[in-house]
2 protein chains.
Amino acid sequence: MTSDVAARSPVMADVAELAGVSHQTVSRVLNDHPNVRPATRERVLDAIGQLGYRRNLSARALVTRRTNTLGVVAFDTTLYGPASTLFSIEHAAREAGYFISIVSLKTITRSSVGEALSYLVEQSVDGIIAIAPQRTAAEAVAELPSGLPIVAVEGGEAGTTPVVAVDQSAGAAQATRHLLELGHTTVQHVAGPAEWLEAEGRLRGWRDTIEDAGAPVPEIIRGDWSPRSGYAAGRAVLARRHRPDAIFVANDQMTLGLMRALAEAGLRVPDDVSLVGFDDVPEAEFFSPPLTTVRQDFAEVGRASIRMLLDLVEHGSQRAPDEARHVVEPELIRRASTAPAS
Amino acid sequence: MTSDVAARSPVMADVAELAGVSHQTVSRVLNDHPNVRPATRERVLDAIGQLGYRRNLSARALVTRRTNTLGVVAFDTTLYGPASTLFSIEHAAREAGYFISIVSLKTITRSSVGEALSYLVEQSVDGIIAIAPQRTAAEAVAELPSGLPIVAVEGGEAGTTPVVAVDQSAGAAQATRHLLELGHTTVQHVAGPAEWLEAEGRLRGWRDTIEDAGAPVPEIIRGDWSPRSGYAAGRAVLARRHRPDAIFVANDQMTLGLMRALAEAGLRVPDDVSLVGFDDVPEAEFFSPPLTTVRQDFAEVGRASIRMLLDLVEHGSQRAPDEARHVVEPELIRRASTAPAS
DNA sequence: GGCACGATTGTGAGCGCTAACAGGCACCCT
DNA sequence: AGGGTGCCTGTTAGCGCTCACAATCGTGCC
């Protein structure tokens, strides 16, 4: 009979004593081993309940060399896309019994990504998901020395890193084709920053579609994803000699800024200009007018990346190379910001 | 001389051997103990570099009983507010040398919050930040049995839990007063869900201000924060006998929906109706017209909550009760959606 | 009745680290 | 000269768990 009860949180040995078994049997019950007599299991479970026992995961991690924690490196989780992806990653991981440790970066540079990765390695996570939408980030990820399983989200084709990505260029092609089919002679594009792989994918899809249609390829304008830069792009478009009557903007936020610039100039959407965005943020449906845009299934991206990562973590890294890239198809959502050319 | 190099990642003993010291000295160097001769420290550091040694945090946690990990329970991190708060929490924590483990909930119920909390306790985090904007969540947090340090963000006054919160009612009062000062006879309010503490705080600030001014108090309309519900609220407002010419909406997203409804009805903002939102999301400046709204300093909320939590974690829980609530002041941002009453 | 065999349980060691203590050495004071 | 007083370093003992192996128990079969 020990003197002080609950002086310190109970350990496996306490449970064992109360249940009249060895600590090893307790461990077996906890780990769902077969070959534990039901009656014994019952007694152990009872003791655990009585004592309010929780096993010490640090001790467990020390011997198993697995922390059951997954690291996520993300960039600006304040934006809708990354936030949604992160959200679904977290859910999928928890469902699979893993913890999530995140590092979210303010800026993406080779070194900041490198630091974030080694921070996670330090923490001995079992695997890493890197949301690496920029070329430099993708490179830093590809260079991760340790043998740690890693999956890149929106990463490039660089190296052998498995990737989960939305088919950006297919989405852009859908948007552009839609505009062309409405009778617009060509489509102006407001692109994202050149370092962003997503921006380049969308740019490519747009250009290919325009060229395939034999339409003239207007000079692009670059933004930085922010509404402000969309506004600036709008002003720039308005200053052109030939004002376009169809614009495909690389994301919804910039589209909002651009709409503002058009409104200030007294132009109506879609009467004067047809507009297509990208992302389908929750607000897009309530823009004036409701925005035709390309929806990305961020939830699926998150789920797929966890699936891929856990496959790597649990079944080793010997996988067929053709499975190393999971592509999620985007979908054009038609609303009121596009209309036939007048 | 051991046979296989790097067959397994090096441990403290390997470093010790290479540096010609005991493992304890290595530990001392790693933990910045005084009383290590500079030359010795140098040799140890060298050995660490050569071997690429990283200490095993599980082993460390096992003996120190500290994991250096903080848990965060959040709700719908897809929204701008929670996402921004989370972002700054993560940064502040990392700066202080702590890891962050998040659980983000889809729904807030007593049990889902309870589960999330015990999930984190299971992981033996050193402390918890709960973003608990609903009454039920705040209650569940207050009930956390274990002696774990915990800080609630936007939690109620319930119990003894330390809280960091924005002064919602002061923000709402600023917004309402602004509208009143423009000459509007009264201000309509589109509120958030009744279970949300933030919604109730804003409602209170609005009502008090109206009453203090001796203006009639219109019946409120409730939304659920989404643009869609703002749209519905807009339709409802338009159906009223007395169409208001000033509306204070409990968040920016709903305001967007409401603006859409007004636009469909041919009403102009601010000429026909003045509008004030809440949050100052990055898009607000580019609504048509740019939205007057109340800015919340989410970054400060995040930083303050980490500061408070670490204080609890590191200096024990004996603190003066007057420090137990940190209030962040919101700020009215005047833009183009409000104008003097005609 | 004895024996093989599988199911069930226990024993001992050790994961990699830090805490507590002990020892050795140089230096200073009386 | 003796002993105290710091500084620096090493030794030992766990933290709470899982793994490998050993031991025990029951059962069926010849």
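Order of the sequence lines fixes the chain letters, A, B, ..., with proteins taken first and strands second; residue numbering starts at 1 for each chain. Just so it is clear, the model here is predicted, and its values are computed rather than measured.
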Which value, rounded to the nearest 0.5 Å, describes the distance between A/R135 atom CZ and A/I108 atom CD1?
-> 12.5 Å
In whole Å, what is the span from the CD atom of B/E17 to the C1' atom of D/dG10?
-> 16 Å
Please report, rounded to the nearest Å, how far the P atom of D/dC15 is from the NE2 atom of A/H23.
-> 13 Å
Atom CZ of A/R54 to atom P of D/dC17: distance rounded to whole Å?
-> 13 Å
A/R37 CZ to D/dC25 P: how many Å, rounded?
-> 11 Å
Where each residue is assigned the nucleotide of DNA chain D containing its nearest heavy atom, which of A/V11 and A/Q24 is assigned the position nearer the 5′ end?
-> A/V11
Closest nucleotide among D/dG10, C/dC15, C/dT18 to the B/V21 side chain | D/dG10
Residue B/T64, side-chain atoms from C-beta onward, closest of C/dC17, C/dT18, D/dT11 | C/dT18
Give a yes or no on whether a donor-acceptor pair under 3.5 Å exists between the nucleobase atoms of D/dG10, that is its base, and the side chain of B/R28.
-> yes
Does B/R65 have a side-chain nitrogen or oxygen under 4.0 Å from the phosphate oxygens OP1 or OP2 of D/dG16?
-> yes
State whether a side-chain donor-acceptor pair under 3.5 Å links A/T109 with A/T107.
-> no
Using only side-chain N and O atoms of B/S27, determine if any of them is under 4.0 Å from OP1 or OP2 of C/dT18.
-> yes
Indicate whether OP1 or OP2 belonging to D/dG16 is found under 4.0 Å from a side-chain N or O atom of A/N56.
-> no
Spacing of A/R55 atom CZ relative to D/dT18 atom P, expressed in whole Å | 5 Å
Hey, are A/Q123 and A/T69 close enough side-chain-wise for a donor-acceptor pair under 3.5 Å?
-> no
State the CD-CD distance between B/E139 and B/Q134, to the nearest 0.5 angstrom.
-> 11.0 Å
Give one of base, sugar-phosphate or nothing for A/T40, where a contact means two heavy atoms less than 4.0 Å apart.
-> sugar-phosphate
Spacing between B/N35 atom CG and D/dC7 atom C1', to the nearest angstrom = 6 Å
For B/L30 and C/dT18, give me the distance from atom CG to atom C1', rounded to whole Å.
-> 11 Å
Charged N to carboxylate O under 4.0 angstrom, A/E90 versus A/R94?
-> yes
Counting just side-chain N and O atoms, does B/T25 come under 4.0 Å of either OP1 or OP2 of D/dC8?
-> no
Quick note, B/V36 side chain, CB onward, closest among D/dG10, C/dC17, D/dT9 is D/dT9
D/dT9 P sits how many Å from B/M12 CE, rounded?
-> 15 Å
Verify the contact: side-chain N or O of A/R60 to OP1 or OP2 of C/dC15, cut-off strictly under 4.0 Å; return yes or no.
-> no
